[in-house]
Amino acid sequence: GFFSLAERNLFLDLMKVDGIGPKQGLKILSSIPFMELELALDAEDISRLESAPGIGKKTAQKMILTLKGKLTRIDDSSVRNKNNTFSQFDDIINALCGMGFDRRSASETVEKLARELKYAPGVSANESDRIKEQELFRRSIVALSS
């Protein structure tokens, strides 16, 4: 088992890297704490990634290329916007990241389009809010694809 859902998600993301299987993924997570591993991937810290047993320079580069900005982060503590506050658009941003878009770009695009649409999700999700959310999601996909 894993200590948290975030650690499990990172393990599953590691499986997406060519050349890393379940055994290698567990070795990596047992030698580098998962928060530190996320930071190393985002910072492109090859030397820190190479410190894991069985990881050489090429595998570290593959990990960065495959995972930088695309980690599945369901744990709310790791999904924060520029002001280090929780984004009110986490569901949309997570969906865009699941489609392969970079988390930082997705977050910036969603926040910008939400301001343009003057959309701020309310506490109660009524039909109007759902339609605005769908429109925001659709426009974000178009903006990120171009």
Side-chain contact, heavy-atom cut-off 4.5 Å: [X] with [Y]?
X    : Y    : value
M63  : I55  : yes
L117 : R139 : yes
L12  : R8   : yes
P53  : S31  : yes
S145 : F101 : yes
F11  : E7   : no

Minimum heavy-atom separation for [X] to [Y], with atom names?
X    : Y    : result
L14  : G25  : CD1-O, 4.0 Å
S146 : A143 : OG-O, 3.1 Å
L144 : A106 : CD1-CA, 3.9 Å
L49  : A40  : CD2-CB, 4.0 Å
S140 : L96  : CB-CD1, 3.8 Å
I32  : L37  : CG2-N, 3.6 Å

* Please answer whether the main-chain N or O of K27 pairs with a side-chain N or O of S30 as donor and acceptor at a distance below 3.5 Å. => yes
From [X] atom [atom1] to [Y] atom [atom2], the distance as rounded to the nearest 0.5 Å:
X    : Y    : atom1 : atom2 : value
S105 : I93  : OG    : CD1   : 11.0 Å
L29  : Q24  : CG    : CD    : 10.5 Å
R138 : I92  : CZ    : CD1   : 12.5 Å
E116 : K112 : CD    : NZ    : 5.0 Å

* Is R104 salt-bridged to E108, cutoff N-O under 4.0 Å? -> no
* **Ionic contact status for E135 with K132, cut-off 4.0 Å** => no
* Structure fact -> The residue among T66, D13, I64 that forms side-chain contact (heavy atoms from CB on, under 4.5 Å) with L41 is I64
* Common cluster, L65/V17, ILVMFWY with side-chain heavy-atom separation under 4.5 Å -> no
* Common cluster, L26/L10, ILVMFWY with side-chain heavy-atom separation under 4.5 Å -> yes
* More than 12 non-hydrogen atoms from neighbouring residues, nucleotides or ligands closer than 6.0 Å to CZ on R48, yes or no? -> yes
